[in-house]
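A quick write-up on the structure given underneath.
Residues take their numbers from the sequence shown, with the count starting at 1.
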Amino acid sequence: MIKIPNKIYTYISSIRKVTYDDGYVFLSTNSNVYCYVPVSMNVDVYSYLNTISFYDYYRPVNDPDDPFELFMVDSTEKGNGFSALTSLYQKSAVFQYFSDDQKNKIFQTMMSQFQKKTYYYHEMQNRIEEMLFPRKIFYDFIINISDFYHTLDIGKYFLTKWKTNNPNKYFEVLTLRRLSPTNFLNQKICDFSFSKRDYYVYELANYYQKYFQSESILQEIDDLLNSFSLSLDDCYLFYVLISIPPEWDDEEDIPVVISYVKKTYSFLLEKQEENQEREETMFQKQQNDI
């Protein structure tokens, strides 16, 4: 349980209720609700947000020297922050140029991820198939194991396309990284303590993996992609990143991962077919021009 420091009481008093939620602490008084985050304030980030005229966030009410942040929030109603995130990314975006070392590191890191995941699933499959009476949760995994392998294969397909195209530049934005619904209260962002500048598609992939169960996620992803007019290479790398299924902490998480793989495989298969049709059309056009 997170311990609340005594200095909190210099900013608020008469706390009547304390609620813990996903690493955040909500302190309710008779008239207001406050969010406590046990991380020191990054003054530079808040200064930067003002510079780019981004205001869809809660400003800390405590002193910058405190080893924590304290926000007075409008409500504790959670959301996915889609509107606020879109605005943040658009206002903080700048072009950066890849170095050869960056591109090689991305390629090698993703190939290592594919190999690691493939090995893990093969080992798990072998263990389950050796069970005399596997529980339903394991049986469901075996029934859907081909989707896991196919999803990884499509990821490798797009990684090869990305590498072959040798991209030169990318969008860097101020990423939030902490994309929990608890960090989006009443359509505003609460906590920037994990923020850093990074390649846009990394944050986009994190967003997809966090909210893949939402019915509107694919439309939101298209909107986020289109809001930057991202290059085909950016889209390729996004497809690569989401093709890696999330880890599970215990066996009870397996059904969620299966659901992720089935939805993602269907989405990526459609994108692969679109890409192959695009390449075929370009090839035919080149042949006709000869």
Side-chain angles (χ1 to χ4, degrees), residues 79-83 85-86 89 106-107 109-111 113-118 120-121 125 140-165 167 170-171 173 175-177 179-181 184 198-248 253-282:
N80 64 7
F82 176 76
S83 177
L85 285 174
T86 302
Y89 299 151
I106 290 173
F107 181 80
T109 298
M110 297 314 302
M111 284 301 297
Q113 284 291 314
F114 288 130
Q115 293 169 1
K116 177 183 176 182
K117 287 288 187 177
T118 300
Y120 176 79
Y121 293 135
Q125 181 180 2
D140 289 342
F141 175 79
I142 292 297
I143 291 297
N144 292 282
I145 189 62
S146 62
D147 286 349
F148 282 75
Y149 296 137
H150 291 325
T151 302
L152 293 172
D153 286 341
I154 295 178
K156 286 185 281 188
Y157 163 86
F158 281 118
L159 182 61
T160 300
K161 293 295 180 183
W162 180 84
K163 178 70 171 176
T164 301
N165 284 2
Y170 63 96
F171 271 118
V173 301
T175 63
L176 196 59
R177 299 178 71 197
L179 297 173
S180 164
F184 304 110
D198 204 353
Y199 189 3
Y200 177 54
V201 296
Y202 284 119
E203 184 85 330
L204 193 61
N206 290 337
Y207 183 85
Y208 173 84
Q209 291 174 336
K210 189 69 179 180
Y211 295 101
F212 80 92
Q213 292 176 305
S214 168
E215 292 183 3
S216 62
I217 184 61
L218 296 181
Q219 181 60 56
E220 290 180 357
I221 288 297
D222 280 341
D223 290 344
L224 286 167
L225 288 169
N226 294 334
S227 66
F228 282 88
S229 299
L230 292 183
S231 70
L232 193 58
D233 296 327
D234 290 323
C235 294
Y236 285 165
L237 188 57
F238 169 72
Y239 302 150
V240 172
L241 292 168
I242 68 171
S243 73
I244 305 291
E247 301 283 348
W248 54 70
D253 294 331
I254 293 178
V256 177
V257 179
I258 291 174
S259 177
Y260 176 90
V261 169
K262 292 177 73 67
K263 186 168 190 173
T264 304
Y265 173 52
S266 176
F267 173 69
L268 292 180
L269 182 61
E270 178 183 339
K271 296 302 179 182
Q272 183 184 43
E273 291 172 349
E274 289 176 0
N275 193 69
Q276 290 171 338
E277 290 176 2
R278 184 187 306 110
E279 291 181 339
E280 179 64 24
T281 299
M282 291 176 60

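The shortest distance between side-chain heavy atoms of Q113 and L152 does not fall below 4.5 Å. Between I244 and F114, the closest side-chain pair of non-hydrogen atoms falls below 4.5 Å. Inter-residue side-chain proximity for L224 and F238 is flagged as unmet; no heavy-atom pair is nearer than 4.5 Å. In this structure, the side chains of S216 and Y211 stay at 4.5 Å or more apart for every pair of heavy atoms. Counting heavy atoms from C-beta on, the side chains of V240 and L237 come closer than 4.5 Å. Under the 4.5 Å side-chain criterion, counting only non-hydrogen atoms from C-beta, L268 is in contact with T151. By the 4.5 Å heavy-atom criterion applied to side chains, I154 and F267 are not counted as neighbours.
Separating the CD1 atom in I242 from the CD1 atom in I221 is a distance of 7.0 Å, to the nearest 0.5 Å. Atom-to-atom distance recorded for Q219:CD and D223:CG is 4.5 Å, nearest 0.5 angstrom. One distance of note links CG of L176 with CG of D198; it measures 12.5 Å at 0.5 Å rounding. The CD1 atom of I217 sits 10.0 Å away from the CG atom of D222 when rounded to the nearest 0.5 Å. Rounding to the nearest 0.5 Å gives a distance of 7.5 Å between CG of L204 and CG of L230. Atom CG of L225 is separated from atom OG of S231 by 10.5 Å, given to the nearest 0.5 angstrom.
Listed by chain and number, the residues in a salt bridge (charged side-chain N to carboxylate O under 4.0 Å, His left out) with K210 amount to none (sequence neighbours excluded). With sequence neighbours left out, Y170 forms a ring-ring contact (aromatic ring centres under 6.0 Å, His included) with F98, Y199.
W162 and D233 get closest at one heavy-atom pair: CD1-O, 3.2 Å. When all heavy atoms of G155 and S243 are compared, the closest pair comes out as CA-OG, 3.3 Å.
Relative to the ring axis of Y236, K161 does not place its NZ or CZ within 45° and under 6.0 Å from the centre.
Within the structure, the salt bridge (Lys or Arg N to Asp or Glu O under 4.0 Å) test picks out the following pairs touching residues 142-159 (sequence neighbours left out): D147-K262, D153-K156.
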| task | Take V256 and F212 through the side chain to side chain contact (heavy atoms under 4.5 Å, CB included) test and state the conclusion after the steps. | result | CA-CA 10 Å; V256 177; F212 80 92; 3.9 Å; yes
| Stepwise side chain to side chain contact (heavy atoms under 4.5 Å, CB included) test for L179 and F184 | CA-CA 8 Å; L179 297 173; F184 304 110; 4.1 Å; yes
| request: Take M110 and L241, measure what side chain to side chain contact (heavy atoms under 4.5 Å, CB included) needs, and give me the verdict at the end. | output: CA-CA 8 Å; M110 297 314 302; L241 292 168; 3.9 Å; yes
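For the residue pair Y207 and E220, a side-chain donor N or O sits within less than 3.5 Å of a side-chain acceptor on the partner.
Of the possible polar contacts, one joining the E203 side chain to the R177 backbone as a donor-acceptor pair under 3.5 Å is found. Remark: side-chain polar atoms of S266 are not paired, donor with acceptor, to backbone N or O of K263 under 3.5 angstrom.
Y260 has its ring centre less than 6.0 Å from the ring centre of Y208. Taking the six-membered ring where the residue is Trp, the centroids of Y157 and Y239 are separated by 6.0 Å or more.
Relative orientation of the Y121 and F141 rings is tilted, given thresholds of 30° and 60° on the angle between their planes.
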